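Below you'll find the structure, written out as structure tokens, and then a few comments.
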Protein chains: 2
Amino acid sequence: MSKFGDYIREKREALQKESPGTYSLRKVASAVGIEASYLSKIERGQQPPPGERSISALAEILNEDPDMMLALAGKVSDELQEIIRKRPKLFARLIRELRDMPDHAVLRLVREVRDGNW
Amino acid sequence: MSKFGDYIREKREALQKESPGTYSLRKVASAVGIEASYLSKIERGQQPPPGERSISALAEILNEDPDMMLALAGKVSDELQEIIRKRPKLFARLIRELRDMPDHAVLRLVREVRDGNW
DNA sequence: TGTAGTGTGTAGTATATGCTACACACTTGC
DNA sequence: GCAAGTGTGTAGCATATACTACACACTACA
């Protein structure tokens, strides 16, 4: 049961059905910058998910959210990690506080921050 | 210039001065569960910072904040990463929004969430 | 003067991560 | 039937991560 592999296989095959010939293993792999056989193994869960670079490239090609794809792969983007590392105590506290908050509450927070009216 | 190494060396030596004999390289290393020579090299920047487990143990022994120590080591705790990975889009968005916010603004957010009055 | 405590130097090791190279087999269309 | 396109199998490899084991050298002090 490879979440990441299953997910990208289905997505790729769906796109391949939509526009045949454009989303073959080889096409996608070469666009990502990896070997086709490697991608094949990843899709079937014979290999763990690739590195962050490859996952992000894959996300772009498959028209998916990179953060979500990284999460499926058990990773968090280095960009986000760097933001956290700059103020570790602050962010650690905030994230832990929000752990059990429902989505809509967190989302509300996001909006408030973005709009600046708070 | 090893931030992590310098930091723990100073902290350890300060504690060693306070209570001599209790914070030698060997004492601390064995409490952490690593070799003394390894810790020595880390302190002098001859080795990169150790793994998360060792860093957390070190933080506890040196009475420091683990998240801060991990940040010094260029890491983010797996616990925090897991929280993010459960709702990657939501947290990614929030964290990016907060990237350039001043400390006090983020802190205010933390407090509001904690107190629930929002 | 020897032994306990201190730090350091040398020389490794095990495991994980992130891949490549290339041959093989099957299907489809001409 | 053969060429192009499809996926897969085998056999690796380079680099990074996270350490261990043990000998050595210096200092203090009893």
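Chain identifiers are assigned alphabetically (A, B, ...) following the order of the sequence lines, protein sequences preceding nucleic acid strands; residue numbering begins at 1 within each chain. All of these numbers come straight from a predicted model, not from anything done at the bench.
Considering only side-chain N and O atoms, B:Ser40 lies nowhere under 4.0 angstrom from the phosphate OP1 or OP2 of C:dG7. The shortest distance between the side-chain N/O atoms of A:Arg9 and the OP1/OP2 oxygens of D:dT8 is below 4.0 Å. Side-chain nitrogen and oxygen atoms of A:Lys27 include none within less than 4.0 Å of the OP1 or OP2 phosphate oxygen of D:dG7. Neither OP1 nor OP2 of D:dG5 sits under 4.0 Å from any side-chain N or O of A:Ser24. In this structure, A:Gln46 reaches the D:dG9 phosphate: one of its side-chain N or O atoms is under 4.0 Å from OP1 or OP2. OP1 or OP2 of D:dA18 lies within a sub-4.0 Å distance of a side-chain N or O belonging to B:Lys75. Close to D:dT6, at under 4.0 Å from its OP1 or OP2, lies a side-chain N or O of A:Gln16.
In this structure, the nucleotide among D:dC19, C:dT10, C:dC22 sitting nearest to the side chain of A:Ser37 is C:dC22. With D:dC19, D:dG7, D:dT8 as the candidates, the nucleotide lying closest to the side chain of B:Tyr38 is D:dC19. With distances taken from any side-chain atom of B:Arg26 to the nucleotides D:dT6, C:dT8, C:dG9, the minimum falls on C:dT8. When the nucleotides D:dT8, D:dG7, D:dA18 are ranked by their closest atom to the side chain of A:Arg12, D:dG7 comes out on top. When the nucleotides D:dA18, D:dT20, C:dG9 are ranked by their closest atom to the side chain of B:Glu35, D:dT20 comes out on top.
The nearest whole Å value for the distance from the CD atom in A:Glu13 to the P atom in D:dG7 is 8 Å. Atom C1' of nucleotide C:dG9 and atom CG of B:Leu39 are separated by 15 Å, given to the nearest angstrom. As rounded to whole Å, 15 Å separates atom P of D:dA18 from atom NZ of B:Lys41. As a whole-Å value, the separation of B:Glu52 CD from D:dC19 P is 11 Å. Atom CZ of A:Arg53 is separated from atom P of D:dT15 by 17 Å (rounded to the nearest Å). Spacing between atom CG of B:Leu25 and atom P of D:dT27 amounts to 17 Å, rounded to whole angstrom units. Protein atom CD1 of A:Ile42 is 14 Å distant from nucleotide atom C1' of D:dG7, rounded to whole Å.
A:Gln47 comes within contact range of at least one nucleobase, with a heavy-atom separation under 4.0 Å.
Between A:Glu43 and A:Arg12 a salt bridge is recorded (basic side-chain N to carboxylate O distance below 4.0 Å). By the 4.0 Å N-to-carboxylate-O rule, A:Lys17 lies too far from A:Glu13 to be salt-bridged with it. Between B:Lys11 and B:Glu64, at least one side-chain nitrogen of the basic residue sits less than 4.0 Å from a carboxylate oxygen of the acidic one, meeting the salt-bridge criterion. Ion pairing between a basic and an acidic side chain is recognised when a charged N comes within 4.0 Å of a carboxylate O; A:Asp67 and B:Arg96 show such pairing.
Checking side-chain atoms of B:Gln47 against main-chain N and O of B:Lys41 turns up no donor-acceptor pair under 3.5 Å. No donor-acceptor distance shorter than 3.5 angstrom exists from the side chain of A:Arg9 to the backbone of A:Arg44, with no hydrogens or angles considered.
Closest-nucleotide positions on DNA chain D for B:Pro48 and B:Ile34 were compared, and the one nearer the 5' end corresponds to B:Pro48.
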